[in-house]
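Written below as structure tokens is the structure these notes are about.
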Amino acid sequence: MRPRAETSDREEGCTCVGKQCGCLLVKRELLLLFFCYFLITRDSRQQFCREHSQMKTLIVGVGGVTNGGKSTLSQFLHQKIHNSCIIAQDTYFKDDCVVPVDSNGFKQYDTLDALHMEKMMKEVYCWRKDPHEFLRQRGLIAKNASTDDELYVLIVEGFLIFNHRPLNEMFDMRYFLEIPYDICKKRRSMRVYAPPDPPNYFDGYVWPMYIQNRKEMEIITSEIVFLDGLKPKDEVLAAVYEDIRQEIARLQGQS
Ligand SMILES: Nc1ncnc2c1ncn2[C@@H]1O[C@H](COP(=O)(O)OP(=O)(O)O)[C@@H](O)[C@H]1O
Ligand SMILES: NC(=O)c1ccc[n+]([C@@H]2O[C@H](COP(=O)(O)O)[C@@H](O)[C@H]2O)c1
């Protein structure tokens, strides 16, 4: 009879005292197991919630002529806009050894073929899939920051962003910085690329390619806001920021 009574005690709750109690060890192990399971699945549960929530996003394209002020504007917007980040096209140039030379001996850097566009698109898709995680992985957001009612802004900048159809179709807002030939030539001459521009590169290759790329861009898309890159920096930056701020407010007002 005695052993039966001990078994029923354990089933209803342990009454044993002391460190060696097996019931306590089992409970502790179960708790530990549950805690590990919770930790392991927390990130994927949070990701699932984000992917299936009504998260708001905005993709802004900042295009324009070389040295038109794209990076300056993008950096400014990034500093001002909460939960924003930049994907820059000029970080996707192919290695110099695979960029072909044209009939005049100029390296053909100013075409989509000189860029790893599939890689760039992957980065944009990665952001779109889970902007919060994208920012977190790049140290742009606190690990446990709330994801409720957040709006995420992606700034994509580059001289050929509107020429690549799949990318162009993703933009909610498009800006294009333009400056005249002489100013562009002057600004370009003060910048050192890798590799540096060879003699006559601007007149013999860069500017003619800009004219050609711009024509092609205008065939692909018409919804572009053209910006005068000659206006004082503060004026250009403030005007675009205000435009985007209003769009963000409009989106946040939506239920
Ligand atoms: N509105 C502006 N007025 C005068 N200079 C500018 C203006 N915007 C940018 N710049 C200058 O022009 C140069 C090129 O700007 P940057 O933003 O790097 O151009 P991009 O990214 O289009 O090649 C930089 O020296 C920058 O300080
Ligand atoms: N690897 C590089 O970053 C690299 C090399 C050679 C030329 N470029 C020039 O970069 C320009 C585009 O960048 P920006 O719009 O920032 O000037 C193109 O006109 C191209 O000629 C870049």
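For clarity, every value in this text was computed on a predicted model and none was experimentally measured. In listed order, ligands and their atoms are each counted from 1. Hydrogens, waters and symmetry mates play no part in the numbers below; they use all other heavy atoms, side chains included. Along the sequence shown, the residues carry numbers beginning at 1.
Summary of contacts: the protein heavy atom closest to atom 19 (O) of ligand 1 is Gly69 N, 3.2 Å. Among protein heavy atoms, atom 20 (C) of ligand 2 sits closest to Asp110 OD1, 3.0 Å. From the protein, the heavy atom lying nearest to atom 14 (C) of ligand 1 is Asn67 OD1, 3.5 Å. Closest to atom 10 (O) of ligand 2, if we only count protein heavy atoms, is Tyr193 CE2, 3.3 Å. Of the protein's non-hydrogen atoms, Arg187 NH2, 3.3 Å is the one closest to atom 4 (C) of ligand 1. Of all protein heavy atoms, the one lying nearest to atom 11 (C) of ligand 2 is Arg188 NH1, 3.7 Å. The single protein non-hydrogen atom nearest to atom 21 (O) of ligand 1 is Ser71 OG, 2.7 Å, given as residue, atom name and distance. The protein atom (non-hydrogen) at minimum distance from atom 18 (O) of ligand 1 is Arg191 NH1, 3.7 Å. Here the protein heavy atom with the shortest distance to atom 26 (C) of ligand 1 is Thr72 OG1, 3.9 Å. Here the heavy atom of the protein found nearest to atom 2 (C) of ligand 2 is Phe93 CD1, 3.4 Å.
Of all the atoms in ligand 1, the ones that sit under 4.0 Å from a non-hydrogen atom of Gly229 are 1 (N), 2 (C), 3 (N). Taking a cut-off of under 4.0 Å to the non-hydrogen atoms of Lys70, the atoms of ligand 1 that pass are 17 (O), 19 (O), 20 (P), 21 (O), 22 (O), 23 (O). The ligand atoms of ligand 2 that sit less than 4.0 angstrom from a heavy atom of Ala194 are 1 (N), 2 (C), 4 (C), 5 (C). Residue Lys231 approaches ligand 1 through these ligand atoms, each under 4.0 Å from one of its heavy atoms: 1 (N), 2 (C), 3 (N).
Between Glu247 atom CD and Met173 atom CE the span is 5.0 Å, to the nearest 0.5 Å. Summarising the geometry, atom NE2 belonging to His164 is positioned 10.5 Å from atom CG belonging to Leu160; distances are rounded to the nearest 0.5 Å. To the nearest 0.5 Å, the span separating CD1 on Ile224 from CG on Asn168 amounts to 7.0 Å.
Residue Gly68 has at least one N or O atom closer than 3.5 Å to an N or O atom of ligand 1. For the pair Tyr109 and ligand 2, the shortest N or O to N or O distance does not fall below 3.5 Å.
Only the side chain of Arg191 comes within 4.0 Å of ligand 2, counting heavy atoms alone; its backbone N, CA, C and O stay farther away. When heavy-atom distances to ligand 2 are checked against a 4.0 Å cut-off, Lys70 comes that close only through its side chain, counted from C-beta outward. With a 4.0 Å cut-off on non-hydrogen atoms, Lys233 touches ligand 1 through its backbone as well as its side chain. Here Lys107 has no heavy atoms under 4.0 Å from ligand 2, in either its backbone or its side chain.
Judged purely by atom type and a 3.5 angstrom limit, Asn213 uses its side chain to pair as donor or acceptor with the backbone of Met209.
Remark: the Tyr193 side chain and the Thr66 side chain contain an N/O donor-acceptor pair separated by less than 3.5 Å. A side-chain donor from one of Asp243 and Tyr175 sits under 3.5 Å from a side-chain acceptor of the other. Looking only at atom types and distance, the side chain of Asp130 has no donor-acceptor partner in the side chain of Tyr152 under 3.5 Å away.
Relative ring orientation between Tyr109 and Phe93 is described as perpendicular, the plane-to-plane angle rising above 60° on a 0-90° scale split at 30° and 60°. Taking the six-membered ring where the residue is Trp, Phe106 and Tyr205 present tilted rings, their angle falling between 30° and 60°.
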> When you look at Asn104 and Tyr201, which way does the side-chain hydrogen bond (donor to acceptor under 3.5 Å, both in side chains) test go after all the steps?
Replying inline: CA-CA 10 Å; Asn104 299 312; Tyr201 195 56; over 6 Å; no
>> side-chain hydrogen bond (donor to acceptor under 3.5 Å, both in side chains) for Asp102 and Gln108? Distances and angles first, verdict last.
In response: CA-CA 6 Å; Asp102 72 6; Gln108 294 175 270; 5.5 Å; no
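A side-chain hydrogen bond (donor to acceptor under 3.5 Å, both in side chains) with Asn67 is found for exactly one of Arg188, Arg191, Lys185, Lys186, namely Arg191. The residue from Glu218, Gln212, Glu216 that alone fulfils the side-chain hydrogen bond (donor to acceptor under 3.5 Å, both in side chains) condition with Arg214 is Glu218.
For atom 24 (C) of ligand 1, the nearest protein heavy atom is 4.0 Å or more away.
The closest approach between Gln89 and ligand 2 stays at or above 4.0 Å for every heavy atom of the residue. Ligand 1 is never approached by Gly64 to a heavy-atom distance shorter than 4.0 Å.
The pair Lys70-Glu157 does not count as a salt bridge, with every side-chain nitrogen at least 4.0 angstrom from each carboxylate oxygen.
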